[in-house]
*Asks:* 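First, the structure itself, so that you have it in front of you.
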Amino acid sequence: MTDTENPETEDTPRDFIRDRIRADLDSGQNDAIVTRFPPEPNGYLHIGHAKSICLNFGVAAEFGGTCNLRFDDTNPAREDAAYITAIQDDVRWLGFDWGENLFHASDNFEQLYAWAQNLIEGGLAYVDDLSAEEMREYRGTLTEPGRPSPHRDRTAEESLDLFARMRAGEFEDGDRVLRARIDMASGNINLRDPVLYRIIRADHPRTGDAWCIYPTYDFAHGQSDAIEHVTHSLCTLEFEDHRPLYDWLLENLPVPARPRQFEFGRLNLGHTVLSKRRLIQLVEEGHVAGWDDPRMPTVTGLRRRGVPPEAIRDFIGRLGITKADGMVEMSYLENTIREHLNQTAPRRMGVLDPIKLVIENYPEGQTEELDGVNNPTDESAGTRKVPFGRELWVERDDYMDDAPKKFRRLTVGREVRLRFAYYVTCTDVIKDADGNVTEVRCTYDPESRGGDSPDGRKVRGTIHWVSAAHAETAEVRLYDDLFTAEEPGKERDWIEDLNPASLEVRSTCYLEPALADDDGVVQFERLGYFAPDADSAPGALVFNRTVSLRDSKPKG
RNA sequence: UGGGGCGUAGCCAAGUGGUAAGGCAUCGGGUUUUGAUCCCGUGAUCGCAGGUUCGAACCCUGCCGCCCCAGCCA
């Protein structure tokens with residue numbers, strides 16, 4: 001979606017950024033718009049990035065512009081080529097296409113170097129010999145102005161020579177930096193002579209060892225925007241302080257275009273963490289199984305969990321774009337996921353905590369096939385055959401001793417419907433020495449085949465089941481919030497807020513046979529939506545619970 | 001006590017001087033061969049205090065609260 005296929009419509013989202021773009025187009029400020037999504041290849045994309053992706057690519061599509069994918073690969077000490085391909089996979093999976101517009105900040109290293117020289121020549125930058133610690137001392141504090149470095153006034157000739165020697169590798173990492181010469185007393189600390197280039201001897205994924213000096217974010221980002229002719233450079237709120245520097249550089253350099261930066265509030269989601277630092281720590285310390293652990297808020301994790309990309313896009317769209325920073329409830333995401341899956345997921349039956357149910361008056365050895373509706377919200381989804389027999393698996397908590405009136409499921413003397421099958425009346429229950437129910441005994445009404453009684457008799461409850469003789473055995477992984485606290489780290493160390501029960505593995509579940517052939521997300525009736533895991537194999541099925549169904553059963 | 005932002009119901013969020021959209025959640029009620037879905041109903045005087053105005057969530061002033069910035073990270 002990088003050109004004019006999807007022009008702006010009346011139900012296009014509205015927010016302050018789109019309003020501004022519309023105004024810039026109307027006033028002739030811009031003939032066409034160009035945005036960019038600029039990830040640093042030092043980690044996997046998470047749902048917070050998805051917000052930026054949807055905004056940048058979305059806005060470009062709505063206004064008939066283009067959106068570039070640009071890697072901000074300016075720090076080889078932290079970045080890795082493996083992330084570059086993973087990020088591209090994730091963006092594509094989310095449903096966006098950058099066409100030919102794949103760029104890297106590193107494509108511009110030679111130009112950036114030349115521009116740095118321009119700055120030095122104009123007296124707007126200088127090479128500083130201060131150490132990192134010294135520079136911190138000279139910088140001042142939030143309330144006290146900084147002091148000029150002793151090298152601040154060295155001649156352009158000297159800085160030019162030193163800068164060339166930095167590039168040539170004559171100095172050690174950290175020995176010298178190139179700094180902009182702006183205002184050491186500025187209330188905005190980003191303007192107190194920010195570092196433009198530093199020496200880093202690390203192999204770069206794209207430029208190898210061609211360079212040992214690398215531009216900082218501030219010196220690379222705006223200029224890369226200009227080189228790509230980005231018109232609207234959309235970033236998160238924490239870069240608001242950098243905008244004066246972004247503008248200063250563009251105004252003092254012979255750039256080919258004049259992009260503008262706009263900031264919006266980043267996404268915060270409850271019961272999880274969305275900082276790259278913390279996500280990396282979760283992976284490295286083994287609190288999760290990897291970047292694609294289904295409990296992770298990463299794009300790849302959500303994908304493995306079974307979340308459809310449409311649901312992510314819809315979720316982001318519903319949030320809107322503003323400058324207020326809030327905390328979005330995880331349940332909002334879950335609800336959006338349910339909404340999409342409800343429309344698309346075929347219904348199946350699976351028993352996750354099985355107990356045996358025996359129909360005493362059903363002939364031994366007899367088997368039949370019943371029709372199951374695949375999706376009541378979509379008639380075109382059709383039906384499937386579900387095998388039935390004398391012995392079934394049913395859910396342990398669908399039986400209860402001395403059940404209260406409100407309990408609509410199995411208890412001795414009560415009649416319930418087996419979904420798509422028959423009415424059964426519970427006659428007895430068998431328990432082991434410890435009092436645990438091991439088997440539920442029932443009788444069935446042969447007249448109720450299909451789930452309706454010809455005499456019009458009603459039953460209050462319907463339960464799901466799987467024929468014991470035909471069941472597929474599977475492992476099912478149930479997930480809960482990764483963190484018990486809505487805001488991990490607010491009350492104590494964030495690691496302590498990890499939810500010890502975020503993963504529950506049910507190793508012996510019984511599924512109806514159709515599940516052996518399903519490869520997408522399905523609904524296990526009355527339980528939730530489940531997706532085959534990457535670990536799943538014929539004969540060794542593994543399902544992830546994407547999200548449970550809403551449950552309005554009375555408590556207790 | 002420096003600079004930059006933000007503050008509309010539990011959450012997200014419209015609204016930009018004319019008398020508070022919508023979504024999610026909650027709580028009621030209806031339908032239902034998933035206690036699902038679906039359908040109906042349900043809540044705010046807009047951080048606070050003054051001021052301007054016939055009239056302010058929207059304009060002015062002063063407070064209060066929250067977030068970001070002192071990486072040679074992005």
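Keep in mind that the numbers below use all heavy atoms, side chains included, and drop hydrogens, waters and symmetry copies. Not measured: the values here are computed from a predicted model.
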*Asks:* Take the protein atom CE of A:Met184 and the nucleotide atom P of B:G2, then report the distance between them rounded to whole Å.
*Replies:*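 Whole-Å distance recorded here is 19 Å.
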*Asks:* On a whole-Å scale, what distance lies between the P atoms belonging to B:A25 and B:A36?
*Replies:*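 That atom pair is separated by 12 Å.
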*Asks:* If I pick the C1' atom on B:A57 and the same atom on B:A13, what distance separates them, to the nearest angstrom?
*Replies:*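 Result for the C1' pair: 14 Å, nearest Å.
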*Asks:* Below 4.0 angstrom, N of the basic side chain to O of the carboxylate: do A:Asp398 and A:Arg526 qualify?
*Replies:*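 Looking at A:Asp398 and A:Arg526, the cut-off is met.
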*Asks:* Give a yes/no verdict on a cation-pi contact between A:Arg419 and A:Trp465, requiring under 6.0 Å between NZ or CZ and the six-membered ring centre and an angle within 45° of the axis.
*Replies:*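 Checked: cation-pi criterion not met.
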*Asks:* A:Glu329 has an atom CD; how far is it from atom C1' of B:G23, in whole Å?
*Replies:*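 One finds 12 Å between C1' of B:G23 and CD of A:Glu329, rounded.
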*Asks:* Looking for any heavy atom pair under 4.0 Å, which part of the strands does A:Ser186 touch: base, sugar-phosphate only, or nothing?
*Replies:*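 Answer is nothing: A:Ser186 stays at 4.0 Å or more from every strand.
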*Asks:* Expressed as a whole number of Å, how far does the C1' atom of B:C67 sit from that of B:U32?
*Replies:*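 It comes out at 47 Å once rounded to the nearest Å.
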*Asks:* What dot-bracket string describes RNA chain B from 5' to 3', counting Watson-Crick and G-U wobble pairs whose defining distances are under 3.5 Å, with [ ] for crossing pairs and | for pairs to another strand?
*Replies:* .(((((((.[[[..)..(...]]]..((((.......)))).....[[[[[..)....]]]]])))))).....
*Asks:* Write down the distance separating the C1' atoms in B:G43 and B:G28, rounded off to the nearest Å.
*Replies:*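 To the nearest whole Å, 13 Å.
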*Asks:* Would you tell me whether A:Tyr529 and A:Gln523 have side-chain atoms, one donor and one acceptor, within less than 3.5 Å of each other?
*Replies:*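 A pair is found: one side chain offers a donor N or O, the other an acceptor, under 3.5 Å apart.
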*Asks:* At under 4.0 Å between heavy atoms, which parts of nucleotides 67-74 of chain B does protein reach? Answer with one letter per nucleotide, 5' to 3': B base, S sugar-phosphate only, - none.
*Replies:* SBBBSBBB
*Asks:* If I pick the P atom on B:A56 and the same atom on B:C48, what distance separates them, to the nearest angstrom?
*Replies:*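 That atom pair is separated by 15 Å.
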*Asks:* Rounded to the nearest Å, what distance is computed from the NE2 atom of residue A:His340 to the C1' atom of nucleotide B:G23?
*Replies:*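 After rounding, the reported distance stands at 13 Å.
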*Asks:* Within 45° of the ring axis of A:Phe171 and under 6.0 Å from its six-membered ring centre, is that where the NZ or CZ of A:Arg165 lies?
*Replies:*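 No; the conditions do not both hold, so A:Arg165 does not lie above the ring face of A:Phe171.
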*Asks:* Over how many whole Å does the gap from A:Asp15 atom CG to B:G15 atom P extend?
*Replies:*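 Interatomic distance, CG of A:Asp15 to P of B:G15: 10 Å.
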*Asks:* Salt bridge or not between A:Asp225 and A:Arg70? Use side-chain N to carboxylate O under 4.0 Å.
*Replies:*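 Answer for the salt bridge query: yes.
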*Asks:* Between the side chain of A:Lys51 and the main-chain N/O of A:Gly265, is any donor-acceptor distance below 3.5 Å?
*Replies:*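 Looks like yes, one N/O pair under 3.5 Å.
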*Asks:* Please tell me whether A:Phe71 and A:Phe103 form a close aromatic pair, meaning their ring centres lie under 6.0 Å apart.
*Replies:*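 Ring centres of A:Phe103 and A:Phe71 not closer than 6.0 Å.
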*Asks:* First locate atom CD of A:Glu79, then atom CG of A:Asp203, and finally report the distance between them rounded to the nearest 0.5 Å.
*Replies:*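 Output value for this atom pair is 12.5 Å.
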*Asks:* Please state how far atom CD in A:Glu144 lies from atom C1' in B:G3, giving the value in whole angstrom units.
*Replies:*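 Spelled out: CD on A:Glu144 to C1' on B:G3 is 15 Å.
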*Asks:* State, without any angle test, whether A:Asn375 and A:Thr377 hold a side-chain donor-acceptor pair at a distance under 3.5 Å.
*Replies:*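 Yes - a donor-acceptor pair under 3.5 Å links their side chains.
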*Asks:* Would you call the rings of A:Phe262 and A:His232 parallel, tilted or perpendicular, taking 30° and 60° as the class edges?
*Replies:*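 Rings of A:Phe262 and A:His232: parallel, under 30°.
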*Asks:* In the 5'-to-3' direction, what one-character label does each nucleotide of nucleotides 34-44 of chain B receive under the scheme B = base within less than 4.0 Å of a protein heavy atom, S = sugar-phosphate only, - = no such atom?
*Replies:* BBSS-------
*Asks:* Take the angle between the ring planes of A:Tyr214 and A:His204 and call it parallel below 30°, perpendicular above 60°, tilted in between.
*Replies:*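 Correct class here is parallel.
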*Asks:* Using 30° and 60° as the class limits, which term best fits the ring planes of A:Phe239 and A:Tyr217: parallel, tilted or perpendicular?
*Replies:*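 Because their plane-to-plane angle lies in the 30° to 60° range, the rings of A:Phe239 and A:Tyr217 count as tilted.
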*Asks:* Rounded to the Å, how far apart are A:Leu245 CG and B:G4 P?
*Replies:*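 So the two atoms are 16 Å apart, to the nearest Å.
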*Asks:* Rounded to the Å, how far apart are A:Phe264 CZ and B:C12 P?
*Replies:*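 My rounded result for the distance is 17 Å.
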*Asks:* Could you check whether A:Asp193 pairs with A:Arg152 (Lys NZ or Arg NE/NH1/NH2 to Asp/Glu carboxylate O, under 4.0 Å)?
*Replies:*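 Yes, this pair counts.
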*Asks:* Does B:G62 adopt a syn or an anti glycosidic conformation, taking syn as a chi angle within 90° of 0?
*Replies:*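 This nucleotide is in anti.
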*Asks:* Take the protein atom CE of A:Met327 and the nucleotide atom C1' of B:A25, then report the distance between them rounded to whole Å.
*Replies:*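 About 17 Å, once rounded to whole Å.
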*Asks:* Roughly how far apart, to the nearest Å, are B:C69 and B:A44 at atom P?
*Replies:*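 After rounding to an integer number of Å, I get 38 Å for this pair.
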*Asks:* Would you measure the distance from the P atom in B:C6 across to the matching atom in B:G41 and give it in whole Å?
*Replies:*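 The answer is 36 Å between these two P atoms.
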*Asks:* If I pick the P atom on B:U16 and the same atom on B:C59, what distance separates them, to the nearest angstrom?
*Replies:*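 Looking at atom P only, B:C59 and B:U16 are 11 Å apart.
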